[in-house]
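Structure first, commentary second.
Letters A, B, ... are given to chains in the order of the sequence lines, protein chains preceding strands, and every chain is numbered from 1.
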Protein chains: 2
Amino acid sequence: MREQDCDVCEQLCEHPQSICLAKAEMLSDDAVHELAETFKILGDSTRIKILHALSKRELCVCDIVAVVQMGQSAVSHQLRLLRGSRLVKYRKEGKMVWYSLDDEHISLLLSQGIEHIAHR
Amino acid sequence: MREQDCDVCEQLCEHPQSICLAKAEMLSDDAVHELAETFKILGDSTRIKILHALSKRELCVCDIVAVVQMGQSAVSHQLRLLRGSRLVKYRKEGKMVWYSLDDEHISLLLSQGIEHIAHR
DNA sequence: CCAACGTATGAATAATTGTTCATGTATTAA
DNA sequence: TTAATACATGAACAATTATTCATACGTTGG
């Protein structure tokens with residue numbers, strides 16, 4: 001989209017071209033929503049601990065419980081959310097369920113976040 | 001830390017070495033909290049829209065209002081949160097305040113997230 | 001089959017969060 | 001100075017969320 005394609009109507013403080021371009025480039029509602037959902041899932045201390053632990057090695061649920069020091073039920077609820085956002089995957093082995101990060105994206109997202117907070 | 005450094009006490013389903021290693025590698029409470037806070041801020045549709053728009057160009061508040069189509073007050077509140085997490089920076093020019101992403105990390109975080117949701 | 005273990009889930013509650021409304025502050029122009 | 005504009009903020013309310021408790025499910029060993 002070229003800047004010229006944007007209607008230019010003079011109005012108070014607004015900058016119509018910027019607004020029009022920004023609207024044109026906007027992500028779809030679905031994408032925005034899914035993105036927000038994903039980050040929302042990342043936005044919890046318990047889940048960050050779980051993900052960070054899983055970024056090093058596969059763990060079964062009761063190991064995760066021991067690592068993050070929360071109740072088994074609470075951990076299971078969080079794991080469900082993490083599965084729902086495809087941030088973790090799992091495999092069953094008898095009674096146990098082994099969790100790991102869904103792919104390397106997730107590790108990258110985490111490190112990117114760690115870099116952000118490290119930068120001051 | 002070597003695996004051998006970990007106490008190995010037999011216990012139900014737990015894998016003491018994994019647990020011990022995971023605990024040793026754990027992020028500090030502060031880091032975990034700050035990381036979670038940062039992602040939590042990213043985890044809202046309105047703020048995603050704002051950040052995505054700002055990833056293309058600097059915008060003043062009333063442009064942002066027009067782009068995300070929310071009340072000025074709501075946008076201001078969200079901008080405050082974004083400033084608080086150092087996700088955006090701003091400069092004043094007369095009556096207007098121009099916002100932009102704080103640094104390239106933020107863009108990367110966004111694209112990383114977009115890649116994640118794109119991967120199905 | 002039964003009991004025990006590892007994990008998942010529904011309901012309830014407490015805490016957190018987003019938006020709106022009303023109002024406040026800072027800057028500019030008249 | 002006054003009025004208008006651009007933006008920020010406090011309080012209140014509705015909506016969402018995390019944890020706990022109780023219980024259910026699925027697998028294994030006896």
Side-chain angles (χ1 to χ4, degrees), chain A residues 10-16 18-19 32-33 36-51 54 58-85 87-100, chain B residues 10-16 18-19 32-33 36-51 54 58-85 87-100:
Chain A
E10 292 323 319
Q11 249 189 22
L12 306 168
C13 84
E14 298 181 359
H15 304 83
S18 292
I19 293 171
V32 167
H33 187 254
E37 279 314 303
T38 300
F39 283 124
K40 193 176 300 183
I41 297 300
L42 288 167
D44 173 81
S45 295
T46 300
R47 291 190 293 264
I48 287 288
K49 285 182 199 164
I50 293 175
L51 291 171
L54 293 180
E58 190 184 42
L59 293 171
C60 73
V61 176
C62 85
D63 288 343
I64 299 175
V65 166
V67 171
V68 306
Q69 314 209 69
M70 308 224 41
Q72 178 268 320
S73 177
V75 168
S76 255
H77 280 298
Q78 303 297 6
L79 286 171
R80 183 148 75 123
L81 295 175
L82 290 168
R83 274 184 270 132
S85 299
L87 293 170
V88 302
K89 60 179 186 247
Y90 64 99
R91 63 185 180 86
K92 299 195 176 183
E93 192 180 291
K95 288 183 279 195
M96 289 193 305
V97 182
W98 292 88
Y99 281 86
S100 54
Chain B
E10 291 325 318
Q11 249 191 20
L12 305 169
C13 85
E14 298 181 0
H15 304 82
S18 292
I19 294 171
V32 167
H33 187 255
E37 279 315 301
T38 300
F39 284 124
K40 192 175 301 182
I41 297 300
L42 288 167
D44 173 82
S45 295
T46 302
R47 292 189 294 264
I48 287 287
K49 286 181 198 164
I50 294 175
L51 291 172
L54 293 179
E58 189 184 42
L59 293 171
C60 73
V61 176
C62 85
D63 289 342
I64 299 174
V65 166
V67 171
V68 305
Q69 314 208 69
M70 306 224 41
Q72 178 268 318
S73 177
V75 168
S76 255
H77 280 296
Q78 303 296 8
L79 287 171
R80 183 148 74 123
L81 294 176
L82 291 168
R83 274 184 269 131
S85 299
L87 292 170
V88 303
K89 60 179 186 245
Y90 64 99
R91 63 185 180 85
K92 300 195 175 182
E93 190 181 293
K95 287 183 279 195
M96 290 193 305
V97 181
W98 292 88
Y99 281 86
S100 53

Practice task
Please report, rounded to the nearest Å, how far the C1' atom of dC7(D) is from the CD1 atom of Ile50(B).
Solution key: 13 Å
Problem - Atom-pair distance (CD1 on Ile64(A); C1' on dG6(C)), nearest Å - result: 13 Å
Problem - Phosphate OP1/OP2 of dT17(D): any Gln78(A) side-chain N/O under 4.0 Å - result: no
Completion exercise
Looking only at dT19(C), dA8(C), dA18(D), the nucleotide nearest the Arg83(A) side chain is dA8(C)
Practice task
List for me each residue that meets side chain to side chain donor-acceptor pair (under 3.5 Å) alongside Arg80(A), sequence neighbours excluded, and say none if there are none.
Solution key: none
Fill in the blank from the handout: Lys49(A) atom NZ is separated from dA18(D) atom P, nearest whole Å, by 14 Å
Identify the pairs formed between an N or O of the protein and an N or O of nucleotides 20-29 of chain C at a distance under 3.5 Å, and give each distance.
residue	atom	partner	partner atom	Å
dT20(C)	O4	His77(B)	NE2	3.2
dC21(C)	N4	Ser73(B)	OG	2.5

Handout entry: Distance below 4.0 Å between Arg47(B) side-chain N/O and dG18(C) OP1 or OP2
Key = yes
Exercise for the section: Could you tell me the separation between the NE2 atom of His15(A) and the P atom of dT5(D), rounded to a whole number of Å? Expected result: 16 Å
Handout entry: Separation of atom NZ in Lys40(B) from atom P in dG18(C), rounded to whole Å
Key = 9 Å
Exercise for the section: Applying side chain to side chain donor-acceptor pair (under 3.5 Å), name anything that partners Asp44(B), two or more places apart in sequence or on another chain. Expected result: none
Problem - Which residue lies more 5' along DNA chain C, comparing Leu81(B) with Cys60(A) via nearest heavy atoms - result: Cys60(A)
Problem - Touch class at under 4.0 angstrom, heavy-atom based, for Tyr99(A) against every strand present - result: sugar-phosphate
Handout entry: For Glu93(A), side chain to side chain donor-acceptor pair (under 3.5 Å) partners two or more places apart
Key = Arg91(A)
Handout entry: Distance test, side-chain N/O of Arg91(B) to OP1/OP2 of dC7(D), below 4.0 Å
Key = no
Problem - Counterpart residues, side chain to side chain donor-acceptor pair (under 3.5 Å), relative to Ser76(B) (two or more places apart) - result: Gln72(B)
Practice task
For Tyr99(B), enumerate each residue passing the ring-ring contact (aromatic ring centres under 6.0 Å, His included) test, keeping only those at least two apart in sequence or located in another chain.
Solution key: Tyr90(B)
